[in-house]
Structure formats: structure tokens, C-alpha cells
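So the structure is just underneath, and the comments pick up after that.
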Amino acid sequence: MFWLNASIKFHYSYRSYRCCLTLAFNRAFGCSLPQATDVKMNDPVENAKRLAAFKAVDNHVVDGVIGIGSGSTVVYAVERLAQRVKDEGLEVICVPSSFQAKQLIIQHGLKLGDLEMNPNLKVTIDGADESDHMLTLIKGGGGCLTQEKILASCAEEFVVIADYRKASTHLGEQWSKGIPIEVIPSAYRVVYHKIEKMLGGKSDLRMSGSSKAGPVVTDNGNFILDWNFEGVKDWKEVETTLNMIPGVVENGLFVGMARKAYFGMSDGTVMERNV
């Protein structure tokens with residue numbers, strides 16, 4: 001009877017922890033914490049994500065410190081990494097880019113690290129909202145762009161994983177939500193006007209979902225502007241211009257950072273891009 005009671009208490013304690021964790025994530029980002037086990041693998045998009053993630057982990061992960069990005073495709077990368085650690089005895093330390101990534105690492109029993117103790121990464125694996133033919137990326141749809149860019153910059157190799165919907169010739173072909181820009185809350189209105197004056201287009205303050213009133217708040221306690229640009233740009237110049245505006249923390253343009261990308265396709269193949 002003692003063990004039964006202890007088991008029941010543990011079960012409900014774990015469920016309470018998961019509920020609190022999910023609620024916190026929902027309130028912060030207006031979306032739920034992704035889980036690979038929740039996915040119906042007959043979904044061609046989810047299967048494409050899984051194919052890309054597995055191939056990237058198989059081809060690029062060796063013993064060492066690994067940067068773990070954020071988003072729904074990264075869920076499969078962590079799943080595959082955990083399999084390889086179990087089956088092959090890989091010795092890896094995983095540095096997360098977000099609250100979500102940290103929880104995935106913990107849930108899969110992987111060794112958790114941080115940039116303070118591990119500033120040099122072997123590889124960072126992360127998703128993208130869109131990639132052009134030169135592997136210029138738009139990232140930050142999930143609100144973690146600053147940490148994601150830091151991890152990418154610390155890695156010897158930055159590898160992108162995504163499904164076929166994210167592969168474009170030019171930015172803006174398929175991603176219509178604009179370029180995320182993390183801003184200091186007190187400066188968002190100033191930054192809003194400066195972006196439109198300097199670069200054109202239109203900016204919107206990202207708002208939370210129905211579960212929380214008000215703007216999205218990042219892991220760093222900041223707001224996000226989504227800048228809807230017009231036409232094809234010199235993205236390196238745009239990236240620099242945005243980051244020179246006082247009040248901007250970071251923007252979601254990743255220019256010249258990725259050298260390899262894997263896109264899972266609807267027919268069950270994986271398309272690779274190199275620059």
C-alpha cells in the first residue's frame with residue numbers, strides 16, 4: 001500500500017509539473033510545447049521534418065558540445081540525438097537556445113550545458129521559418145531569435161533542418177509573417193517608426209494568443225516586432241541597419257551563417273543545400 005500511494009503521488013506530481021510547464025509556455029508564446037510523441041507520423045509535413053532532423057544528426061553530430069535550436073523540427077533532432085547517445089554511447093553536452101529546447105534536453109535525459117561553461121560548440125542544429133537559395137534565413141517565429149543567433153555564432157558548423165515548405169529561392173516567397181525583431185519594451189514604438197522610415201514596409205507588435213492578453217514576451221523579457229518587407233533586399237545591409245537602431249536587441253535575419261541545410265520533402269526524400 002505504501003508503494004502504491006507513493007506511485008500515485010509521483011504520478012500526479014509529474015502531471016502537475018507538466019501542466020505548469022505547458023501553461024507557462026502557452027502564456028509566454030501563445031503555443032504549446034511540441035512533443036515528438038504527440039505527432040501523427042502519417043502527416044507528410046511532420047514526416048518531412050523528422051527525415052531532415054534525423055539526417056542532420058546522423059551526418060553532423062560527434063562527441064562534443066552541441067547547440068540545440070528551437071521549434072517543431074528540433075523536437076525530432078533531440079529525439080534522434082537521444083537515440084544515438086543510447087545506442088552508440090555518444091558523449092555530448094547540449095546547450096539550449098530557449099526554454100523549450102532546455103526542456104527537450106532534460107526530458108530526453110541528455111547532458112545539459114550552457115555557454116558560460118561551454119562557449120565553443122562543435123555544431124548547432126536549428127530550424128528556420130524560411131531559407132533562400134543562399135541559405136539566408138528568416139528565424140524567430142517562435143520568439144527565440146537572439147539566443148538562436150548566439151548559438152549559431154558560437155558553432156564551428158551551423159546546420160539548418162526544415163520541411164519542404166521552408167525552402168525558397170528568395171525570402172518572402174513562402175513566409176508571409178515578416179522578419180522578427182526583438183526590441184526593448186520601452187523602445188518598441190520608436191523602433192517601429194525608425195524601421196518604416198529607413199527601410200519601408202510595415203511593422204507590427206507581435207501579440208500573444210487567446211490565452212494571454214498583450215504582447216508576446218521573449219525569454220529575455222523583450223517584445224517582438226514583425227517587419228513585413230517589400231521586395232528582394234541586400235540582406236546583409238538590412239541586418240546591419242536593423243541592429244544599428246537603438247532599442248533593437250537582435251533581428252531574425254541570419255546572413256552568411258549557415259553552410260548546410262536539410263529539407264525533408266513530401267515524397268520521403270531529403271533535399272540538401274550547401275553554400
Side-chain angles (χ1 to χ4, degrees), residues 44-61 67-74 76-77 97 121 123-146 148-182 195 198-203 226-243 250-275:
V45 172
E46 294 302 326
N47 190 53
K49 293 176 184 179
R50 188 172 186 269
L51 289 170
F54 274 41
K55 190 162 188 178
V57 171
D58 287 346
N59 288 353
H60 297 275
V61 173
I68 303 296
S70 305
S72 58
T73 309
V74 170
Y76 300 111
S97 63
L121 312 179
V123 62
T124 290
I125 297 178
D126 202 353
D129 298 311
E130 188 173 37
S131 170
D132 71 7
H133 67 292
M134 293 298 294
L135 297 188
T136 298
L137 313 175
I138 294 177
K139 289 178 51 56
C144 307
L145 57 149
T146 299
E148 289 172 347
K149 190 174 280 190
I150 291 170
L151 282 193
S153 73
C154 293
E156 296 175 14
E157 186 178 28
F158 176 39
V159 178
V160 176
I161 52 175
D163 63 80
Y164 53 90
R165 303 170 303 165
K166 310 302 177 64
S168 298
T169 302
H170 302 289
L171 296 183
E173 285 182 9
Q174 303 196 61
W175 178 255
S176 61
K177 298 181 181 180
I179 295 171
I181 302 162
E182 186 167 350
I195 291 172
M198 298 170 69
L199 296 169
K202 187 179 185 302
S203 300
D226 291 302
W227 174 53
N228 290 282
F229 56 89
E230 298 173 348
V232 178
K233 307 283 185 179
D234 179 339
W235 294 119
K236 187 61 181 177
E237 181 179 339
V238 171
E239 181 184 32
T240 301
T241 299
L242 288 171
N243 281 352
E250 189 53 85
N251 70 82
L253 280 171
F254 285 51
V255 184
M257 302 188 77
R259 292 289 178 266
K260 182 78 174 184
Y262 295 88
F263 299 95
M265 307 304 288
S266 59
D267 63 0
T269 63
V270 177
M271 179 180 72
E272 300 181 24
R273 279 184 180 173
N274 303 276
V275 292

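Just so we're clear, the structure is a prediction, and the values are computed from it rather than from any experiment. If you read the sequence from its start, that first residue is 1, and numbering goes on from there.
Atoms CZ and NZ, from Phe54 and Lys49 in turn, are 14.0 Å apart once rounded to the nearest 0.5 Å. Distance CG/Asp132 to CD/Glu173: 9.0 Å, rounded to 0.5 Å. Atom OG of residue Ser203 and atom CG of residue Asp226 lie 8.5 Å apart, to the nearest 0.5 angstrom. With rounding to the nearest 0.5 angstrom, the OG1 atom of Thr124 is 10.0 Å from the CD atom of Glu156. Distance check: Leu51 CG to Ile161 CD1 gives 11.5 Å after rounding to the nearest 0.5 Å.
With Ser70 contributing its side chain and Cys144 its backbone, the two residues share no donor-acceptor pair below 3.5 Å. A donor-acceptor pair is defined here as one N or O able to donate and one able to accept, closer than 3.5 Å; such a pair exists between the side chain of Ser97 and the backbone of Ile68. Checking side-chain atoms of Glu182 against main-chain N and O of Leu145 turns up no donor-acceptor pair under 3.5 Å. Remark: side-chain polar atoms of Gln174 are not paired, donor with acceptor, to backbone N or O of Glu130 under 3.5 angstrom.
Here the closest heavy-atom approach between residue Ala258 and residue Leu137 is recorded as CB-CD1, 4.3 Å. Taking all atoms of both residues into account, the shortest heavy-atom contact from Met257 to Ser153 is CE-N, 3.6 Å. Taking all atoms of both residues into account, the shortest heavy-atom contact from Trp227 to Gly201 is NE1-CA, 3.9 Å. Contact between Ala128 and Ala162 at its shortest, heavy atoms only, is O-CB, 4.5 Å. Residues Ala167 and Met271 come closest through the heavy atom pair CB-CE, 3.8 Å. Of all the heavy atoms in Phe263 and Asp163, the pair that sits closest is CD2-O, 3.7 Å.
Residues Asp129 and Lys177 fail the side-chain proximity criterion, which asks for heavy atoms closer than 4.5 Å. Residues Phe229 and Ile138 form a side-chain contact, since some pair of their non-hydrogen atoms from C-beta on lies under 4.5 Å apart. Residues Leu199 and Leu242 are in side-chain contact: their nearest non-hydrogen atoms beyond the backbone lie under 4.5 Å apart. In this structure, the side chains of Asn243 and Asn251 come closer than 4.5 Å at one or more pairs of heavy atoms. No side-chain heavy atom of Lys166 sits less than 4.5 Å from a side-chain heavy atom of Trp175.
The side chain to side chain contact (heavy atoms under 4.5 Å, CB included) check on Asp234 picks up Lys236, Glu237, with sequence neighbours excluded.
Under a 4.0 Å N-O distance rule, the pair Lys149/Glu239 qualifies as a salt bridge. For the pair Lys139 and Asp126, the salt-bridge criterion is met [side-chain N within less than 4.0 Å of a carboxylate O].
The side chain to side chain donor-acceptor pair (under 3.5 Å) pairs that include a residue from residues 260-275 are Lys55-Glu272, Asn59-Tyr262, His60-Tyr262, Lys260-Glu272, Lys260-Asn274, Asp267-Thr269, where partners are two or more places apart or lie in different chains.
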| task | Take Met134 and Trp235, measure what side-chain contact (heavy atoms from CB on, under 4.5 Å) needs, and give me the verdict at the end. | result | CA-CA 11 Å; Met134 293 298 294; Trp235 294 119; over 6 Å; no

| task | Could you go through the side-chain contact (heavy atoms from CB on, under 4.5 Å) check for Leu135 and Val160 one step at a time? | result | CA-CA 9 Å; Leu135 297 188; Val160 176; 6.0 Å; no

| said: Evaluate Leu171 against Ile179 for side-chain contact (heavy atoms from CB on, under 4.5 Å), listing each step before the verdict. | reply: CA-CA 10 Å; Leu171 296 183; Ile179 295 171; 5.6 Å; no

